[in-house]
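Here is the structure we will look at.
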Amino acid sequence: MEVSYDPQWIEQKWQEIWNEKRVYEVSEDPSREKYYVLEMFPYPSGRIHMGHVRNYTIGDVVARYKRAMGFKVLHPIGWDAFGLPAENAAIERGIHPAKWTYQNIAQMKEQLKRLGFSYDWTREVTTCDPSYYKWEQMVFIRMLERGLAYKKASVVNWCPSCETVLANEQVEDERCWRCKSEVEQKEMEGWFFKITDYAEELLDWIEKLKDRWPERVLAMQKNWIGKSTGVEIDFPLEEEIDGETSLRIFTTRPDTVFGVTFMSLAPEHPLSEVLAKGKPQDKGVLEFIHRVRGQTGIERVSEEAKKEGVFTGAYCINPFNGERVPIYIANFVVMEYGTGVIMCVPAHDQRDFEFAKEYGLPIKVVIQPEGQELNPEDMKNAYEEPGIMVDSGEFSGLPSEIGKEKVIEYIESKGFGKRQINYRLRDWGISRQRYWGAPIPIVYCEGCGVVPVPDKDLPVELPLDVEFTGKGGSPLSKVEGFVRVMCPKCGRDGKRETDTMDTFVESSWYFLRYASPDYDKGMFDGEKVKYWLPVDQYIGGIEHAILHLLYARFYTKVLRDLGMCDLDEPFLNLLTQGMVIKDGAKMSKSLGNIVDPDDMIAKYGADTVRIFMLFASPVQKDLDWSDEGIEGAYRFLNRVWRLVYDSRKRIADSGKNVETPLMESLGAQSRELLIRVHKTIKKVTDDLERFQFNTAVAAIMELLNAVSRFEPNGCEDMVILRESVEAIVRLLYPMAPHISEELWESLGHAESLVDKPWMEWDREIVGSAEMTIVIQVNGKVRSQVLMDPDSDEEEIKQAAFSDERVKSYIAGKEIKRVIVVPKKLVNIVV
RNA sequence: GCCUGGGUGGCGGAAUAGGUAGACGCAUUGGACUUAAAAUCCAAUGGGCCGCAAGGCCCGUGCGGGUUCGAGUCCCGCCCCGGGCACCA
């Protein structure tokens, strides 16, 4: 009687076996090459979703495959356990964040286990555990000592709904990345990490990560860092104002400096308020400044790019030609970039051009395109391309690209400016006015000021007896026992910092902690990190292209500079998988298009879910969930199951230890199948190397189809049948491990596939396949012919010309050329 | 605007170094098995045309050109869609 495929039973059985035998636990082995495969760890929100399943399935296939390839594979998992949802649950449902978080972890762990992922669970890391965050508190202090962490008051992004500050990276379209509320600008004190110190190095390494990281992730990071090279120039003020004698501007176009017809300051610039003092313009200027400052970021940008400004009545002098230049305040100048002052060249900058048109300011052409003459009166737009410098004193006649350099040299030689590189990147604001995060280990003392908590007093533990009112303000600041503390320096009364660290700090080093998760003498064991790190293959969603991936790169470099490790980059290779969508939209509660992984596992089993995730789409692309599609995956595994059971008896009859018969002794059908088996091994191996799981599954399906058609006849055919069936089971293993293990066992093998080396394909067998030579006439396929694999060009030509169909096409025509592509085709040109 | 990724049947997708476009799967249709259904198996399935048939011809990878014996793939010029950045001087 046939035993039917029962995934529930099989999967439970094998998960228990793997678990009991601890097959996925690894330790260092210097005699073997290591491979560290890591998927981005989950936030314990409560339940895993299909995005997790996809991410972790991909990682698991890589881990199992690399293990079979002989690597020592580190494949850990943990929990990004701090964060706002836990605190919101506390406010809404009165459950403590810690309890909520640990309950979720327990639940999600069960779900992950049901999917049969090959994690070394002994290395599980939970970031809200004091034994974890203790070390980042220590690193915080080391960073403070080196000026890499500092406190400042600044205008920050404030999310009114989350009631906390957000980093620039966490604001999307002027909205909070998490709750989508509109972000406000607020002046506040907070702690920062000096990521800008690393701007250049972060940028440099982007070049070196080429071909290892997806192009678009690198492009996004490059964009985000936003380097621009230029020069700062002092424009002397006509009269001293508020102790200032000049205005310093930043420009990337010093070649246009002779075309300056006005200057513009950001409304936020300190001089903006005073430039018009005592002049008739004063009132208008103050009104304008007040109005613009009152606008939110959105309003300022969304006003359909309308350029607005006001003349201050003040002038400065262009140091290059002594011209008197009027000074404006303009809404399109931003204080945060450059010096907050710009020189305006309407002829060669589109924004300046629009502004000049609006306010009737002169337009002076100083760059002429080659073979063309620009005339300010006819210009509809600014000319921003390179050209020849004109009306530019001693620089006239130079190509602008060369002139740019000459002007900079002149500025530096005269001492009224200097070369300057600006970055768009800002320092990483890490203060969060929330409870559920790692406390910042700082004490404020009236006498001593800002005092770091000494190493011996770490960790600064998060107190658990906290009330969650949701009424605003940091809950920590209301915990007397936490706030009141003795100053570690002088022993007098001090107050603890009540801000916690951004949760992105925890995720900036968890991949290092996995190397020695229980290490208690430091953040990690240097020797173990040396063995395991860097991560050879990192896998996660594209949504972290900037945020997490930039922070982790920065933090790793900081740890290196603190002498803790010698890593330049944490992640050697990066794979970003697409989202799982349904009906064209991301799965979400509000759209009601969520498919719960648990339901699918209960219905079809984990192997089916895994196969569908791998087969439905190439990894980088979005995967459209399809109820019919997963049925197909289930059907496929059922066919594999039936094939093994149908073949089992016949295989057994063939005897166990029969060697593969020689190719020559095989019948045509067997020969063909054996060649196919080896071609499939090659194809699946190549595909797994390149993460082309969809075509790997397809190749196994094709082999299954071929074996199903196979009609064995005689003992030798049975051996080929056995080899084919076993190949299917083994090739399937990394992707659908439970069914593979079960079938492998049922085929009479005692050893587990977990420990079995990967299959190898036989070059000779693959090479012995007959080749199909396509015959084209004038580039169009007209016929094809089967040839022996070692036929030479002449033989192939012969065969082509003697083909009946070809003959009719070339009859009576002059043959101009014959092209023979080895092993592929012949093209006859007539 | 700049930077990126993409556009192939009814659908998801394949074609790895310029060499048979549409593998594999889904869906659909027809057939077998069954009292029937489900499951399973077999067959057909890009479009148009010729033929009783075996079979054959033409068109076809967003659009227009080009290179080549040969282009989904390379080059030039466009169009459309997704993602990122953006008064950044």
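It should be emphasised that the depicted structure is a prediction, and the values quoted were computed from it without experimental measurement. Quick note on labels: first sequence line is chain A, next is B, and so on, each numbered from 1.
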> On RNA chain B, nearest-nucleotide positions of A/Asp622 versus A/Trp224: which is more 5'?
Replying inline: A/Asp622

>> With rounding to the closest Å, how many angstrom separate the P atoms on B/G46 and B/A39?
In response: 25 Å

>> With a 4.0 Å cutoff (strictly under), does any side-chain N or O of A/Arg635 reach OP1 or OP2 of B/C24?
In response: no

> Using the P atom in both, what is the distance from B/G83 to B/C78, to the nearest Å?
Replying inline: 24 Å

> Mind checking the C1' distance from B/G22 to B/G13? Whole angstroms is fine.
Replying inline: 10 Å

> Would you say a side-chain N or O of A/Lys621 is under 4.0 Å from OP1 or OP2 of B/G13?
Replying inline: yes

> When you look at A/Asp627 and A/Trp625, which way does the side chain to side chain donor-acceptor pair (under 3.5 Å) test go after all the steps?
Replying inline: CA-CA 7 Å; A/Asp627 293 332; A/Trp625 179 269; 2.9 Å; yes

>> Using a 4.0 Å heavy-atom cut-off, does A/Val697 contact any base of the nucleic acid, only the sugar-phosphate backbone, or nothing at all?
In response: nothing

> Out of B/C88, B/G84, B/G25, which nucleotide sits closest to the side chain of A/Val334?
Replying inline: B/C88

> How would you label the contact of A/Arg782 with the nucleic acid (heavy atoms, under 4.0 Å): base, sugar-phosphate, or nothing?
Replying inline: sugar-phosphate

>> I want to check one thing: is the phosphate of B/A86, taken as OP1 and OP2, less than 4.0 Å away from some side-chain N or O of A/Arg424?
In response: yes

> Phosphate oxygens OP1/OP2 of B/U40: is one of them under 4.0 Å from a side-chain N or O of A/Asn638?
Replying inline: no

> Thinking salt bridges, do A/Arg291 and A/Glu308 make one under a 4.0 Å N-O criterion?
Replying inline: yes

> Which value, rounded to the nearest 0.5 Å, describes the distance between A/Tyr5 atom OH and A/Arg635 atom CZ?
Replying inline: 14.5 Å

> When we call it a touch if two heavy atoms are under 4.0 Å apart, what does A/Ser626 touch: a base, just sugar-phosphate, or nothing?
Replying inline: nothing

> Heavy atoms under 4.0 Å, any strand shown: does A/Gln784 hit a base, just sugar-phosphate, or nothing?
Replying inline: base

> Using the P atom in both, what is the distance from B/G64 to B/G72, to the nearest Å?
Replying inline: 14 Å

> Is the base of B/G5 touched by the side chain of A/Gln620 through a donor-acceptor pair closer than 3.5 angstrom?
Replying inline: no

> With rounding to whole Å, what would you report as the distance between B/G10 and B/G6 at their P atoms?
Replying inline: 23 Å

>> Under 4.0 Å, heavy atoms only, any strand: does A/Arg216 hit a base, just the sugar-phosphate, or nothing?
In response: sugar-phosphate

>> Please tell me if A/Lys780 has a side-chain N or O lying less than 4.0 Å from either OP1 or OP2 of B/C59.
In response: yes

>> My understanding is that a pair needs two contacts under 3.5 Å, Watson-Crick or G-U wobble. By that rule, which nucleotide pairs with B/C41?
In response: B/G31

> Would you say A/Arg639 reaches B/C41's phosphate, i.e. side-chain N/O to OP1/OP2 under 4.0 Å?
Replying inline: yes

>> Can you see whether A/Trp205 has A/Arg553 sitting over its ring - NZ or CZ less than 6.0 Å from the centre and within 45° of the normal?
In response: no

> Can you list the steps and then say if A/Thr196 with A/Asp427 is a side chain to side chain donor-acceptor pair (under 3.5 Å)?
Replying inline: CA-CA 6 Å; A/Thr196 51; A/Asp427 278 338; 2.7 Å; yes

>> Taking A/Arg690 first and then A/Asp686, would you say they form a salt bridge - that is, a charged N and a carboxylate O separated by under 4.0 Å?
In response: no

> Does B/C69 have OP1 or OP2 sitting under 4.0 Å from an N or O in the side chain of A/Arg817?
Replying inline: yes

>> What's A/Gln776 touching, base or sugar-phosphate or nothing? Going by heavy atoms closer than 4.0 Å.
In response: base

> Closer than 4.0 Å, any side-chain N/O of A/Arg805 to the OP1 or OP2 of B/G56?
Replying inline: yes

> With distance as the sole criterion, do the side chain of A/Lys307 and the base of B/C87 form a donor-acceptor contact below 3.5 Å?
Replying inline: yes

> Counting only side-chain N and O atoms of A/Asn223, is one of them less than 4.0 Å from OP1 or OP2 of B/C88?
Replying inline: no

> When all nucleic acid strands are considered with a 4.0 Å heavy-atom cut-off, which category describes A/Gly632: base, sugar-phosphate, or nothing?
Replying inline: sugar-phosphate

> Does a distance-only test, which skips hydrogens and angles, find a donor-acceptor pair under 3.5 Å between the side chain of A/Arg690 and the base of B/U16?
Replying inline: yes

> How would you label the glycosidic angle of B/G55: syn (within 90° of 0) or anti?
Replying inline: anti

>> Taking atom types as they are modelled, would you say the side chain of A/Lys682 forms a donor-acceptor pair with the base of B/U16 within the 3.5 Å cutoff?
In response: no

>> OP1 or OP2 of B/A23 versus the side-chain N and O atoms of A/Thr695: is any pair under 4.0 Å?
In response: no

>> Please determine whether any donor N or O and acceptor N or O are separated by less than 3.5 Å between the side chain of A/Asn827 and the base of B/C69.
In response: yes

>> Both A/Pro618 and A/Gly340 contact RNA chain B. Taking the nearest nucleotide for each, which residue is further toward the 5' end?
In response: A/Pro618

> So A/Glu200 and A/Lys227, salt bridge (charged side-chain N to carboxylate O under 4.0 Å, His left out) or not? Walk me through it.
Replying inline: CA-CA 8 Å; A/Glu200 196 59 41; A/Lys227 177 180 181 173; 2.9 Å; yes

